[in-house]
Amino acid sequence: MKLGHPLFEDSQLFDNEQVRTIDKPYRSSSTAFLPYLDPTCQCIGQRALKFLGFVEHNAYERLQLVRYYPGQEYNLHSDWLARPKVSRSSQDKGREYNRLASFFTYLGGNATGGETYFPFVSGANINSDGTKYAIPSNGQRLVVKPVKGNALFWINLHPTNGTGDQRTFHSGLPVLSGVKYGMNVWTKHYKLLPIIGPYKSREDNNNREDDLHENLRKNFITK
Ligand SMILES: O=C(O)CCC(=O)C(=O)O
Ligand SMILES: [Fe+2]
């Protein structure tokens, strides 16, 4: 949070041509892109990759903080992109990727409102205690409360063909009072690579250099 504070600017949107726009009522939050090489960011990013196990976990985008003041929101959207994006970062410049996994962590603030809403995912069990999720009413689907320290994780792309999964559409509902902070970690799916492994952690790979699949992956990376 300390790292991000001076870096906040109006949140942007990408259209289908990857053109950045700022569309204020649609997305009225602020965003801070954190430095890729910061050791804390690297630690978080690597942890996210490792979490993915046999799901492709080569790389992640720069971490992003988002901030919402009262009345601010992020309307319905997908984190996956309509078309793969061409990377401009020095680690993988020119490679085409889409956003495979989303980790969204509530970093705090003291907001009321500001839930994350998934209209195509079943709502919480009506017997749940209502601390993490709103109890659904009037046919409302999954409403996740912004509880500090909790995180949401989902896979954006169909593992078979890499296309966007429509069920992952979501919105950040308007904050009613206070301030809401969150952090996005988006991992990358490089075009043409298989999404489902057997991917290995770096530690495993040191001992399994002859693994066929690993060789395939390396060929993709060095070409
Ligand atoms: O603010 C939220 O609850 C969701 C944020 C989000 O979906 C995003 O930044 O892509
Ligand atoms: Fe999102």
Side-chain angles (χ1 to χ4, degrees), residues 1 3-5 7-16 18-34 41 44-45 48 60-85 97-121 123-124 130-134 136 140-158 163-189:
M1 294 266 278
L3 202 59
H5 267 301
L7 303 173
F8 276 107
E9 50 190 42
D10 286 345
S11 298
Q12 298 180 332
L13 290 168
F14 284 102
D15 68 14
N16 287 348
Q18 299 302 323
V19 175
R20 288 161 187 264
T21 51
I22 292 174
D23 181 347
K24 284 270 175 209
Y26 201 85
R27 188 181 189 193
S28 44
S29 54
S30 302
T31 299
F33 290 95
L34 301 183
C41 296
I44 295 169
Y60 55 91
E61 284 189 14
R62 254 193 309 166
L63 310 190
Q64 256 190 41
L65 299 188
V66 285
R67 181 185 66 198
Y68 301 78
Y69 288 133
Q72 296 186 334
E73 63 184 312
Y74 188 0
N75 262 293
L76 196 65
H77 67 279
S78 66
D79 290 347
W80 49 268
L81 305 154
R83 263 177 243 144
K85 182 172 173 178
Y97 74 91
N98 208 333
R99 293 176 181 151
L100 177 54
S102 290
F103 297 82
F104 186 69
T105 307
Y106 301 112
L107 295 184
N110 51 355
T112 61
E115 299 90 346
T116 310
Y117 183 45
F118 292 82
F120 306 117
V121 177
T131 51
K132 290 183 189 157
Y133 314 105
Q140 209 176 28
R141 309 297 293 277
L142 185 63
V143 179
V144 186
K145 294 187 174 177
V147 177
K148 180 177 176 173
N150 286 356
L152 285 162
F153 161 74
W154 67 92
I155 298 282
N156 289 299
L157 306 175
H158 292 291
T163 58
D165 188 335
Q166 309 271 345
R167 294 170 299 180
T168 66
F169 272 94
H170 56 282
S171 41
L173 298 180
V175 165
L176 302 177
S177 68
V179 56
K180 168 184 163 192
Y181 288 99
M183 179 181 65
N184 280 305
V185 183
W186 287 317
T187 73
K188 294 181 173 182
H189 165 53

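When a residue number appears, it is its place in the shown sequence, counting from 1. Computation of the quantities below employed the complete heavy-atom set of this structure, encompassing side-chain atoms and omitting hydrogens, waters and symmetry-equivalent molecules. Read the numbers this way: they start at 1 and go in the same order the structure lists the ligands and their atoms.
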Begin from the C-alpha positions of Thr168 and Ser78 and carry the test side-chain hydrogen bond (donor to acceptor under 3.5 Å, both in side chains) through to its verdict. CA-CA 6 Å; Thr168 66; Ser78 66; 5.8 Å; no
Val121 to Arg141 - nearest heavy-atom pair and separation: O-CB, 2.9 Å
Minimum heavy-atom distance Glu73-Leu173, with the two atoms named: CB-C, 4.0 Å
Please verify the inter-ring angle class for His77 with Tyr74; under 30° counts as parallel, over 60° as perpendicular, anything in between as tilted. parallel
Please work out whether the ring planes of Phe153 and Phe103 are parallel, tilted or perpendicular, with thresholds of 30° and 60°. tilted
ring-ring contact (aromatic ring centres under 6.0 Å, His included) with Phe169: which of Phe118, Trp80, Trp154? Trp80
Is it true that, when you exclude Arg167 itself, more than 12 heavy atoms of the residues, nucleotides or ligands shown sit nearer than 6.0 Å to its CZ? no
Assess the side chains of Asp79 and His170: does a donor N or O sit below 3.5 Å from an acceptor N or O? yes
For the Fe ion (ligand 2), protein N, O or S atoms at a distance below 2.8 Å amount to 3
Verdict with supporting geometry, Glu61 and Arg99, salt bridge (Lys or Arg N to Asp or Glu O under 4.0 Å): CA-CA 8 Å; Glu61 284 189 14; Arg99 293 176 181 151; 3.0 Å; yes
Between ligand 1 and the protein, which N/O pairs fall short of 3.5 Å?
from	atom 1	to	atom 2	distance (Å)
ligand 1	1 (O)	Tyr68	OH	2.6
ligand 1	1 (O)	Lys180	NZ	2.8
ligand 1	3 (O)	Thr116	OG1	2.5
ligand 1	3 (O)	Lys180	NZ	2.8
ligand 1	7 (O)	His77	NE2	3.1
ligand 1	7 (O)	His170	NE2	2.9
ligand 1	9 (O)	Asn184	ND2	2.8
ligand 1	10 (O)	His77	NE2	3.2
ligand 1	10 (O)	Asp79	OD1	3.2

